[in-house]
Amino acid sequence: MTEAGARIREVMARAQAAAEKAGRDPAGITLVGVSKTRTASEVNAALREGLRHFGENRVQEAADKLPLITESYAGFHFVGHLQSNKAKLLLSLNPSLIHSVDSQHLARALSHALEGTERIQDILLQVNTSGEVSKFGMHGFELPELARGIAKMPGLRIRGLMTIARLSEDPEEARADFKTLRLLAEQLQSLAIPKLELGILSMGMSNDFEIAIAEGATHIRIGSAVFGERTLAGAER
Ligand SMILES: *Cc1c(COP(=O)(O)O)cnc(C)c1O
């Protein structure tokens, strides 16, 4: 077995064990391998080893890489901070899910770029659950207004919420952020907002995904545990 194959199988086994421990169906958890800084051939190798979904955090990097992905896959995800001037380019890459919508301005740019197409783009709203100023994402209290605004924008469908939990030595500290995201999704769903079908909670990364699964994650975004440690050049992202 290749090293990539061994890592993917290990992450899948750990995700399955975490789901079973939480009394959840492992089939309800989607592993998104975050392939930022990796070459297309590394992504192809991971897809051959059973990865079905991969995610990128930079539009230009994704645009360069996608034409070189020759293996089939179930989903391309965009997980990084998105600038509205990149909305059109990103949509041209047919992302199955954009995890990181965090403003009316960005949503409007996406909706505008979809005008004249029949497409419905699935999106998640990114929430800053940890309160750390360095993190992108909106505050929880801003969610209802944003969701109501997006409900009026053609072409977009909000499918759930995404968060990047606080990073600390002890992954247990991320649990509060995961809980917060789940509660915010429940609160938002209870409001009468048209078109809102929140089923997705995108939360959990290499060092905390088992805790995220215990708290209800449906999509875990895993970089280093799937592809190996990032080199220094890619470490800060
Ligand atoms: C890089 C990244 C991940 C994966 O991080 P790892 O710690 O390597 O698993 C997940 N989500 C986002 C938004 C990222 O940028």
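Only a predicted model underlies this, so the values are computations on that prediction, with no experimental measurement involved. In listed order, ligands and their atoms are each counted from 1.
In terms of polar-atom proximity, G223 is counted as a contact of ligand 1, with an N or O under 3.5 Å from an N or O of the ligand.
Each ring pair (Phe, Tyr, Trp, His ring centres under 6.0 Å) pair with one or both residues in residues 30-71, not counting sequence neighbours, appears once here: H53-H77, F54-Y73, F54-F76. Under the side-chain hydrogen bond (donor to acceptor under 3.5 Å, both in side chains) criterion, the residue pairs touching residues 80-93 are S84-H105, with sequence neighbours excluded.
Those atoms of ligand 1 that come under 4.0 Å of a heavy atom in I222, given as number and element, are 9 (O). Listed by number with element, the atoms of ligand 1 under 4.0 angstrom from any heavy atom of R221 are 4 (C), 9 (O), 10 (C), 11 (N), 12 (C), 13 (C).
In H99, neither the side chain nor the backbone holds a heavy atom less than 4.0 Å from any atom of ligand 1.
Taking all atoms of both residues into account, the shortest heavy-atom contact from G216 to L201 is O-CD1, 3.6 Å. Closest approach of K65 and S35 over heavy atoms only: NZ-O, 2.8 Å.
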